[in-house]
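Just so we're clear, the structure is a prediction, and the values are computed from it rather than from any experiment. For ligands, and for the atoms within them, numbers begin at 1 and follow the listed sequence.
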Amino acid sequence: MKVNPGGKTPRHISAAEAAALVKSGDWLDYGVITGQPDVFDAALAARKDELEGVKIRNCLSLRPRAVLEADPEGKHFLWFSWHFSGYDRKKHDAGISHYIPVNLGEIPDYYRRFNPPVDVAIIKARPMDENGWFNFGGANLWHRAVIECARTVIIETNPAIPHCEGEMNGVHASEVDFIVEGDGQPPTELPNSPIGDVDRAVGRLIANEIEDGACLQIGIGGMPNAVCALLLDSGVKDLGIHTEMLTDGIGELYRAGRITGVAKRLQPGKIVYSFALGTKELYRTIDRNPDFQCLAVENTNMPHVIMQNDKVVAINNTTQMDLQGQAASESDGHRHISGTGGQLQFVRGAYASKGGKSFICLASTYERKGQRRSRIVLNLTPGNVVTTPRSDMMYVVTEYGIANLKGKSVADRAKALIGLAHPDFREDLERQAREHGLLPRHYY
Ligand SMILES: CC(=O)SCCNC(=O)CCNC(=O)[C@H](O)C(C)(C)COP(=O)(O)OP(=O)(O)OC[C@H]1O[C@@H](n2cnc3c(N)ncnc32)[C@H](O)[C@@H]1OP(=O)(O)O
Ligand SMILES: CCCC(=O)O
């Protein structure tokens with residue numbers, strides 16, 4: 001790593017002293033995902049009655065956040081998130097968490113280009129090493145860009161997070177103002193939901209499309225991760241990984257020897273990711289393992305970077321798709337669910353890669369109030385946000401099949417998507433498509 005001297009000499013302070021640096025109206029950036037501070041968060045929550053209008057940027061809360069629990073009406077703290085977890089979603093339902101729409105890979109540029117106020121950045125990292133570096137563990141993301149903008153930088157140390165290799169995956173002491181000792185809790189684990197029949201059917205269809213030497217991106221959610229399990233059963237080999245999120249499924253493929261990265265043009269032989277989120281098995285696998293490179297998110301998610309590998313395969317999940325092929329992956333009407341994340345950037349990067357493919361997968365139905373509904377619909381739920389537009393859509397996969405929408409007319413798309421819907425809904429969808437002129441009277 002290059003040292004970027006900031007001329008600072010960090011001082012050890014208590015969490016209460018760190019929280020006392022915050023003033024009403026300040027903008028704070030919390031470290032994100034496994035970089036989220038805990039003892040600082042608790043100390044700041046304890047000061048709530050002295051503070052007003054403290055704005056905190058965060059992403060994918062993995063544990064309850066003390067500032068939100070202490071302030072259920074949002075009178076003291078405003079919470080802004082780049083991507084919602086289930087916890088953030090509940091706080092949004094309660095009116096105290098706000099989503100910032102973004103393509104995740106653009107976040108470092110956002111800080112560097114617009115230089116937003118960052119009064120205090122507080123990031124969890126490993127204790128300082130003998131060369132003065134605090135390693136970010138498995139969460140590089142946009143931490144360095146935040147530090148470049150921050151007036152005050154605080155590191156909350158935690159020796160329990162894995163030491164992860166990767167260019168600039170850390171901060172040097174000369175850039176840090178204060179060090180707070182953390183609570184030593186192990187990084188939060190994300191349990192894997194059991195793989196159901198629908199996941200298996202979708203996974204099998206996608207796995208059939210993956211050739212030896214393909215370079216994979218696995219998106220967030222149960223279904224993309226299930227594809228890894230199916231790949232374990234297939235004979236595919238010499239896979240490469242260039243992804244945003246490192247999942248347990250990728251860890252298993254690595255341990256089974258299916259990933260060699262020999263065909264990659266960018267960082268051949270290396271598994272490239274921006275954050276790791278899974279079980280302790282995954283955290284053990286990446287700890288001090290040079291095969292894994294944790295990079296800033298612009299180096300994983302920007303389409304012009306993604307396309308530099310050949311045969312990129314991007315696998316992402318959606319919640320609803322209309323008959324034009326627009327995917328709404330992040331909301332349920334006006335209710336925000338998750339975020340754009342890296343979905344659109346990986347769809348575009350994969351298409352631009354030589355021999356690349358993108359897959360948007362979905363179960364054909366879901367349950368709501370005891371009723372089974374189709375995820376493939378004539379019109380998106382009013383208020384629903386389009387994550388991947390129809391012009392970008394390539395392969396769509398449900399448990400009923402797979403269709404490549406590239407080059408297809410509106411009528412051909414509608415026809416193909418009706419074929420991927422659950423049989424119980426196909427007749428109705430076809431009637432609606434005809435009524436609204438998506439399917440013409442002749443030829444179809
Ligand atoms: C990480 C990378 O490498 S970058 C690219 C990946 N990122 C993306 O694709 C971003 C968009 N995608 C996503 O956020 C996720 O894949 C999702 C939300 C589509 C699926 O994630 P999962 O964790 O498998 O979703 P899950 O089934 O738990 O549902 C999440 C929520 O959405 C709701 N939901 C799911 N499907 C629907 C639907 N069709 N209609 C309405 N709500 C729905 C669920 O009820 C749940 O909300 P709740 O917790 O309040 O009950
Ligand atoms: C934290 C972001 C996950 C995603 O890209 O969807």
Side-chain angles (χ1 to χ4, degrees), residues 32-36 58-62 81-94 99-107 139 141-142 190-196 198-199 202 216-226 241-247 249-250 272-278 297 300-301 306 312-322 327-350 358-369 371-377 380-381 383-388 398:
V32 296
I33 313 190
T34 48
Q36 287 164 31
N58 180 61
C59 181
L60 210 71
S61 303
L62 300 178
S81 176
W82 299 106
H83 198 97
F84 280 8
S85 63
Y87 177 80
D88 299 311
R89 189 150 69 232
K90 286 193 187 73
K91 297 299 170 191
H92 182 253
D93 292 344
Y99 174 63
I100 315 170
V102 74
N103 289 308
L104 222 76
E106 292 172 6
I107 297 178
L141 293 146
W142 46 92
L190 183 73
N192 294 297
S193 34
I195 301 177
V198 170
D199 299 314
V202 167
L216 306 186
Q217 173 257 341
I218 302 292
I220 198 163
M223 195 172 264
N225 206 36
I241 303 291
H242 181 103
T243 195
E244 175 193 308
M245 174 171 166
L246 191 73
T247 63
I250 298 175
V272 169
Y273 68 103
S274 198
F275 72 91
L277 190 53
V297 74
T300 54
N301 286 33
I306 296 166
V312 170
V313 171
I315 304 164
N316 293 290
N317 199 195
T318 193
T319 53
Q320 192 178 54
M321 189 173 293
D322 71 8
S329 316
E330 56 191 279
S331 60
D332 176 18
H334 292 287
R335 180 185 185 228
H336 193 73
I337 292 178
S338 56
T340 307
Q343 183 171 118
L344 181 58
Q345 293 189 304
F346 273 99
V347 165
R348 290 189 167 153
S358 83
F359 297 91
I360 295 291
C361 52
L362 68 168
S364 66
T365 61
Y366 70 109
E367 290 259 322
R368 183 52 54 94
K369 296 181 185 148
Q371 218 191 352
R372 197 155 46 113
R373 298 188 185 190
S374 179
R375 289 182 196 260
I376 295 183
V377 289
L380 297 177
T381 304
N384 232 349
V385 170
V386 172
T387 305
T388 300
T398 71

Look only at the side chain of [X] and the backbone of [Y], and say whether a donor-acceptor pair between them is shorter than 3.5 Å.
{"X": "Asn225", "Y": "Gly249", "answer": "yes"}
{"X": "Thr319", "Y": "Ala328", "answer": "yes"}
{"X": "Gln217", "Y": "Asn316", "answer": "no"}
{"X": "Ser364", "Y": "Thr398", "answer": "no"}
{"X": "Gln36", "Y": "Cys59", "answer": "yes"}

Of all the atoms in ligand 2, which lie at a distance below 4.0 Å from a heavy atom belonging to [X]?
{"X": "Ile220", "result": "3 (C), 6 (O)"}
{"X": "Leu104", "result": "2 (C)"}
{"X": "Gly341", "result": "4 (C), 5 (O), 6 (O)"}

| OH/Tyr273 to OG1/Thr247 distance, rounded to the nearest 0.5 angstrom? |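 Answer rounded to 0.5 Å: 12.0 Å.
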
| For atom 6 (O) of ligand 2, what is the nearest protein heavy atom, given as residue, atom name and distance? |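 The protein heavy atom lying closest is His83 CE1, 3.0 Å.
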
| query | So Asp332 and Arg89, salt bridge (charged side-chain N to carboxylate O under 4.0 Å, His left out) or not? Walk me through it. | reply | CA-CA 11 Å; Asp332 176 18; Arg89 189 150 69 232; over 6 Å; no

| query | Would you call the rings of His336 and Tyr99 parallel, tilted or perpendicular if under 30° counts as parallel and over 60° as perpendicular? | reply |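 If you compare the ring of His336 with that of Tyr99, the planes turn out parallel.
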
| message | Under 4.0 Å, heavy-atom basis, I'd like to know which part of Glu244 is in contact with ligand 2: side chain, backbone, both or neither. | response |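 Glu244 to ligand 2: side-chain contact only, backbone stays beyond 4.0 Å.
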
| Does an N or O from Cys59, backbone or side chain, lie closer than 3.5 Å to an N or O of ligand 2? |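 Among all N and O atoms of Cys59, none is under 3.5 Å from an N or O of ligand 2.
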
| field | Candidate pair Ile33 and Leu62, rule side-chain contact (heavy atoms from CB on, under 4.5 Å), full reasoning | value | CA-CA 7 Å; Ile33 313 190; Leu62 300 178; 4.0 Å; yes

Show the short N or O contacts, below 3.5 Å, that ligand 1 makes with protein N or O atoms; if there are none, say 'none'.
{"unit_1": "ligand 1", "atom_1": "3 (O)", "unit_2": "Gln217", "atom_2": "NE2", "d": "3.1"}
{"unit_1": "ligand 1", "atom_1": "3 (O)", "unit_2": "Ile218", "atom_2": "O", "d": "3.3"}
{"unit_1": "ligand 1", "atom_1": "3 (O)", "unit_2": "Met245", "atom_2": "N", "d": "3.4"}
{"unit_1": "ligand 1", "atom_1": "9 (O)", "unit_2": "Gln343", "atom_2": "NE2", "d": "2.8"}
{"unit_1": "ligand 1", "atom_1": "14 (O)", "unit_2": "Ser338", "atom_2": "OG", "d": "2.6"}
{"unit_1": "ligand 1", "atom_1": "16 (O)", "unit_2": "Ile220", "atom_2": "O", "d": "2.8"}
{"unit_1": "ligand 1", "atom_1": "24 (O)", "unit_2": "Gly222", "atom_2": "N", "d": "3.2"}
{"unit_1": "ligand 1", "atom_1": "36 (N)", "unit_2": "Arg375", "atom_2": "NH1", "d": "2.9"}
{"unit_1": "ligand 1", "atom_1": "39 (N)", "unit_2": "Thr319", "atom_2": "O", "d": "2.8"}
{"unit_1": "ligand 1", "atom_1": "39 (N)", "unit_2": "Arg375", "atom_2": "NH1", "d": "3.2"}
{"unit_1": "ligand 1", "atom_1": "42 (N)", "unit_2": "Arg368", "atom_2": "NH2", "d": "3.4"}
{"unit_1": "ligand 1", "atom_1": "47 (O)", "unit_2": "Arg89", "atom_2": "NE", "d": "3.4"}
{"unit_1": "ligand 1", "atom_1": "49 (O)", "unit_2": "Arg89", "atom_2": "NE", "d": "3.3"}
{"unit_1": "ligand 1", "atom_1": "49 (O)", "unit_2": "Arg89", "atom_2": "NH2", "d": "2.8"}
{"unit_1": "ligand 1", "atom_1": "50 (O)", "unit_2": "Arg335", "atom_2": "NH1", "d": "3.1"}
{"unit_1": "ligand 1", "atom_1": "50 (O)", "unit_2": "Arg335", "atom_2": "NH2", "d": "2.8"}

